Peer 1: 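Questions regarding the structure given below will be posed in turn.
These numbers were taken from a predicted model, which means no experiment stands behind them. Numbers restart at 1 for each chain; the letters A, B, ... are given by sequence-line order, proteins then strands.
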Amino acid sequence: MEPKYQPHLYEEKIYQFWEKNKLFEAKVDQKKKPFSIILPPPNANADLHLGHAMYVYEDIMIRFHKLLGDEVLWLPGADHAGFETQYVFEKHLKKQGKSRFDFDDETLYQMIWDFVQNNRKNMENQLRKLGFALDWSKKKFTLDEDIVQIVKQTFKKLFDEGLAYCDKAIVNYCVNCGTSFSDLEVVYQEKKGKLWYILYPFDRMHPEKGGITVATTRPETMLGDMAVAVHPKDKRYKNLIGKAVNLPIVNRGLKIIVDEVVDPKFGTGAVKVTPAHDSTDWEIAKRHNLELRQVIDTDGRMTILTPQEFQGKKVLEARELVLQKLKELGLLVKEEKHTHRVGTCYKCGCVIEPLPMENWFIKTKPLAKKAKELIVREKIKIYPKKFKKILLWWLDHFHDWNISRQIVWGIKIPAHYCNICKKWFVSSESPKKCPSCQENNFLSTNNTFDTWFSSAQWPFATLMTQKENSKFQSPNSKEESKKTLFDYFYPTTVMETGYDILPWWVARMIMIGYFVTKKPPFLNIVLHGLVRDKKGQKMSKSKGNVINPMEMIEKYGADALRLALVYETTLGADINFAEERVIGMRNFINKLWNIGRFIYLNKKLKTQDSKVKIELKKIPLLVKLEKDFKETKRKYLRLMKSYRFSPALVLLHNFLWHRLADFYIEESKKLEENDKINFFIRLEEVYLNCLVMLHPYAPFVTEAIWQVFKKEGSIYEKNLISV
RNA sequence: GGACCCAUAGCUCAACGGCAGAGCACCUCGUUUACAUCGAGGGGGUUAGAGGUUCAAAUCCUCUUGGGUCCACCA
C-alpha cells in the first residue's frame, strides 16, 4: 500500500472488474427481496453535469440494498430529449451556417440520430466514471423500437378511453423555435411595458359621442377583437350591456358582453376580447359563441385577415402601426407604464405567442385524481415529506397537457384523420386504411410527442416487453408465463430525482404509470436538491461558475466527489458546492486508506511471529471499541433505512476518523505486545466492516482496500447483516 | 394573489423534544508504528426577534422581520 491513495490507479480497473463479474446484473430471484430503481435517463445529447452526479443517492441505495442481500436492479437509459436535442442540434447547424430549413424531415432526423448516438456513448462512460452500479445489460433508449411501440400503445389506450383528444385551442407557441409547448415550458418574466387605453366609439364618425374605453398591453391584437366584456356586477357599464361599439381601424361592430372573469378593478373594467390570441378570451368566446379570427400567424406576422397595410408585418411593427393609426383617429385615450408578466419560451427566451392550433392533449383531471389517491393513501411515500404537499398541489392544478410538438426529433404521434369519416383514428402500426370506412383517404399528423410523454412511461416501458404491454391493452388475453422482470421489479422501489422536475416528470409518471398498469410506478419518491455554486447561485455557462464533474474526478477521484455531494447536506435542499468540499473528502478518503495501511502493516509484523500464542482476553480498550462500533452500526442502519444518507455518512466519518483513528489507534500504540495482537485482530474486523458500511458512498476506495486485505474477490462477499 | 422553504460560530452547513456540533478560516504547540491530504490544544454562539406548549425547545405552535424558490388567465 502506497502512503497516499491514488484514485486513478484503481477506479477504472475496479469498474471493469465489477462489469466483468456481472456484479450489477439483476435477475429474477424469488428467494430474494427485489429492490429496483430506474435511472432518470440523462439527455443523450450532452455531457453530464454536476446535477447528474447527484444520482449518487441512487447508487447509495442500490449498493446498500445489495449489501443487505436484496436482488437489486438499477436500470440505465438515455432520453432522446426531443425538443432539447433538436435545439442543441440547430445551434450546431448554425455554426456551420445552416438551419433546419435546409433539410427535409427524414434527412434532419437521421442527422440528429447520428449526432445523438455519438454523444450517448460519452454520457454512458461518464456514468461509469462516477462509479454507478448500473445494470448495463438492460440499458434502454427512449427511441428503441420496443419503447416507441409501447409509447404509441399507451397513446392509443388513452385515445380509446377518451383521455387523449385533438382540439383546436390556444396553445403556447414559440415562433422562433417553431413549436408549441405545454404550460410547464412557459416561463413567466416580469417585464416593463405599457398599458394603452383605447376608445371604441359608438359611432365611428363621431367619437366625441362617447363609447367604451378598453385597456390593453397588446394593441395589435385588437384587429382580431370579437367583443368587449365587462363584469356583470359592474354598475358603470350596466346600461351598455348588449349594445354595440365600433372596432376602430377595421370598422367592425363589437357587442358588449358580460363575463365573470373580468376584473372590474383592472384598467377601465372593460376588456377587449381577442379569442384567437389569448386563452382567457378564448374561454370567454366559447361561453358566448364568438367567432375566432386569427390575425397573427405561426411566423409571428399579421395574417391576411388584417387590413392590407398590416399583412406580413411582424407583431411589434404592427403594434406601432396600430398605435399611430389610433392616434390619428383620436382614439388613443392615454398610455401608462405597466409591469406585467409575459410568457416566454423556456429555451430561447422569446415571447410566447398564444395561437389557435389543432394540438393533441391529455385530459389530466381523471388521471390526476387517481394519482392523488395513491399519494394521499401513502401507496407512494415521499422523502423529504415536504414535497408531498407540493405534489398534491400540482395534481390539483394541472391543465390538460399539450403533447403535440411541431418538431422532427421525436416519436410521431400515431394519429390519422380520415377525410371521409371526418374524424381521427389512432393506430400504433402505420395504417393502410381507416378502420371505420375501410378507405385509405386519410392524413397522418406530422406532430411528435412531447418528450415527457415518453418519459412518463419510463418505469414500466423499460421493464416490459412489448408482448406484456399488449396484455394491458387487451386484458382478456390470458397468457400464462413465468415471472418476468416486470412482474418481479415493478412497481419499482424508489424513484430518485431532482425536485425541480416534480410536475414535469414525477407527477406524470404516476398518472400515466397507474393508467397503464393499474399500479403505482414506484413505491417511494426521494428528491434531491439542485447543485448551486459556492454563493448559492445557479451554475450557468454565462456566469462562468460551472464545475465539471469529470474534472473533479480527474483531480480528486470519483469517491471524493461523491462524498462531497452528500456529506453534511440536507436531502431535498439545494447544496452550495465548492471545490473545497471535494478536497475535504479527498482528505478523508486518504485518511481511510492510511488507517488501512496502518492496520495492514501491523498485520504483517504480527504474522511474522506466528509462535506468539493468542489468548483471547477482554482488554478494556477492546471492550470499549466493541461497544462503540456496535452503537455506530445500529445508528447507521437506522439512518440508512429512513433515507437519511447524509447523517449516516457523517456518523461513519466521525467514527472512522475521530474514534477509530484518533482514539483507538493512538491508544493501541500504548498497549503491551500480547494485548496489542489481541486488539488488532478485532480492530481489523471492525475496520473491514466499516469499509462495507462506507462502500455505498465511496465504492472505489473501499473495494480497493478490501482487495488488498483479502487478496481476491469483492467486498460484496460480505453482507451488512453479518457486519 | 397563492404556496413552499430558509435564518445556528467569520464562511458553508449538521444537529429532527434531552449537555449547541463539524469542515474551512484563525491562534498555540507538535515529524512518535499509518496519514502534513496529519496530530494535540485554543478562541469564537442569548440558535433573526417576540410570545406560547413542555420537567426540558435551535427543534413543536402563533406572530413579526429579513432572504430564497415555485406557481397563477390582472387584459
Peer 1: Using only modelled atom types and a 3.5 angstrom limit, is any donor from either the side chain of A:R341 or the base of B:rA72 paired with an acceptor on the other?
Peer 2: yes

Peer 1: On the nucleotide B:rC38, are OP1 or OP2 found under 4.0 Å from the side-chain N or O atoms that A:N587 carries?
Peer 2: yes

Peer 1: Between B:rA75, B:rC35, B:rA36, which nucleotide has the shortest distance from any of its atoms to the side chain of A:T217?
Peer 2: B:rA75

Peer 1: With a 3.5 Å cut-off and just heavy-atom distances, do the side chain of A:K386 and the base of B:rC4 make a donor-acceptor pair?
Peer 2: no

Peer 1: Both A:H340 and A:R644 contact RNA chain B. Taking the nearest nucleotide for each, which residue is further toward the 5' end?
Peer 2: A:R644

Peer 1: Which nucleotide sits closest to the side chain of A:D662: B:rA75, B:rG39, B:rU37?
Peer 2: B:rG39

Peer 1: In whole angstrom, what separates A:I575's CD1 from B:rC13's P?
Peer 2: 9 Å

Peer 1: Is there a Watson-Crick or G-U wobble partner for B:rG23 with both distances under 3.5 Å, and which nucleotide is it?
Peer 2: B:rC11

Peer 1: Verify the contact: side-chain N or O of A:R597 to OP1 or OP2 of B:rC35, cut-off strictly under 4.0 Å; return yes or no.
Peer 2: yes

Peer 1: If you look at every strand shown and take non-hydrogen atoms under 4.0 Å, does A:W657 touch a base, only sugar-phosphate, or nothing?
Peer 2: sugar-phosphate

Peer 1: Is it possible for you to check whether A:K669 lies under 6.0 Å from the centre of the six-membered ring of A:F598, through NZ or CZ, and within 45° of that ring's axis?
Peer 2: yes

Peer 1: Quiz question: going by heavy-atom distance under 3.5 Å, is there a donor-acceptor pair between the base of B:rA34 and the side chain of A:E666?
Peer 2: yes

Peer 1: A:N576 has a side chain; which of B:rC16, B:rG39, B:rC13 sits nearest to it?
Peer 2: B:rC13

Peer 1: Find the distance A:H397:NE2 to B:rC73:P and express it as a whole number of Å.
Peer 2: 11 Å

Peer 1: Taking the side chain as everything from C-beta on, heavy atoms only, tell me whether A:Y57 gets closer than 4.5 Å to A:V526.
Peer 2: no

Peer 1: Verify the ring-centre separation between A:Y567 and A:H653: is it less than 6.0 angstrom?
Peer 2: yes

Peer 1: For atom P, what is the distance between B:rG43 and B:rG21, given to the nearest Å?
Peer 2: 12 Å

Peer 1: Using a cut-off of strictly less than 4.0 Å, decide whether A:H399 has a side-chain nitrogen or oxygen near OP1 or OP2 of B:rA72.
Peer 2: no

Peer 1: Taking the P atom of each, how far is B:rU32 from B:rC27, in whole Å?
Peer 2: 24 Å

Peer 1: On the 0 to 90° scale, with breaks at 30° and 60°, tag the A:Y600-A:F709 ring pair as parallel, tilted or perpendicular.
Peer 2: perpendicular

Peer 1: I need the CG-C1' distance between A:D500 and B:rC70, as an integer number of Å.
Peer 2: 11 Å

Peer 1: Would you mind reading off the distance between A:H653 atom NE2 and B:rU37 atom P, rounded to a whole angstrom?
Peer 2: 16 Å

Peer 1: So A:E580, base contact, sugar-phosphate only, or nothing? Heavy-atom distance under 4.0 Å.
Peer 2: nothing

Peer 1: Calculate the interatomic distance between A:L565 atom CG and B:rG23 atom P; express it in whole Å.
Peer 2: 20 Å

Peer 1: Cation over ring, A:R659 on A:F663, under 6.0 Å and within 45°?
Peer 2: yes

Peer 1: Measure from NE2 on A:H528 to P on B:rU69 and round the result to the nearest Å.
Peer 2: 18 Å

Peer 1: Under 3.5 Å, is there a donor-acceptor pair between the A:D183 and A:N172 side chains?
Peer 2: yes

Peer 1: Quick check: on RNA chain B, is the nucleotide nearest A:F266 upstream (toward 5') of the one nearest A:Y5, or the reverse? Name the residue that is more 5'.
Peer 2: A:Y5

Peer 1: Identify the heavy atoms of A:I198 and A:T216 that sit nearest to each other, and give their distance.
Peer 2: CD1-CG2, 3.8 Å

Peer 1: Under 4.0 Å from OP1 or OP2 of B:rC70: is there any side-chain N or O of A:W394 that close?
Peer 2: no

Peer 1: Using a cut-off of strictly less than 4.0 Å, decide whether A:K670 has a side-chain nitrogen or oxygen near OP1 or OP2 of B:rU32.
Peer 2: no

Peer 1: At under 4.0 Å, does any side-chain N or O of A:Y188 touch on OP1 or OP2 of B:rC73?
Peer 2: yes

Peer 1: Using atom NZ of A:K635 as one end and atom C1' of B:rA15 as the other, report the distance to the nearest whole Å.
Peer 2: 12 Å

Peer 1: Nearest to the side chain of A:K389, heavy atoms from C-beta on, is which of B:rC38, B:rC4, B:rC13?
Peer 2: B:rC4

Peer 1: Tell me the interatomic distance from A:R581, atom CZ, to B:rG23, atom P, rounded to whole angstroms.
Peer 2: 14 Å

Peer 1: Now, which nucleotide makes the Watson-Crick or G-U wobble pair with B:rG1, with each of the two distances under 3.5 Å?
Peer 2: B:rC71

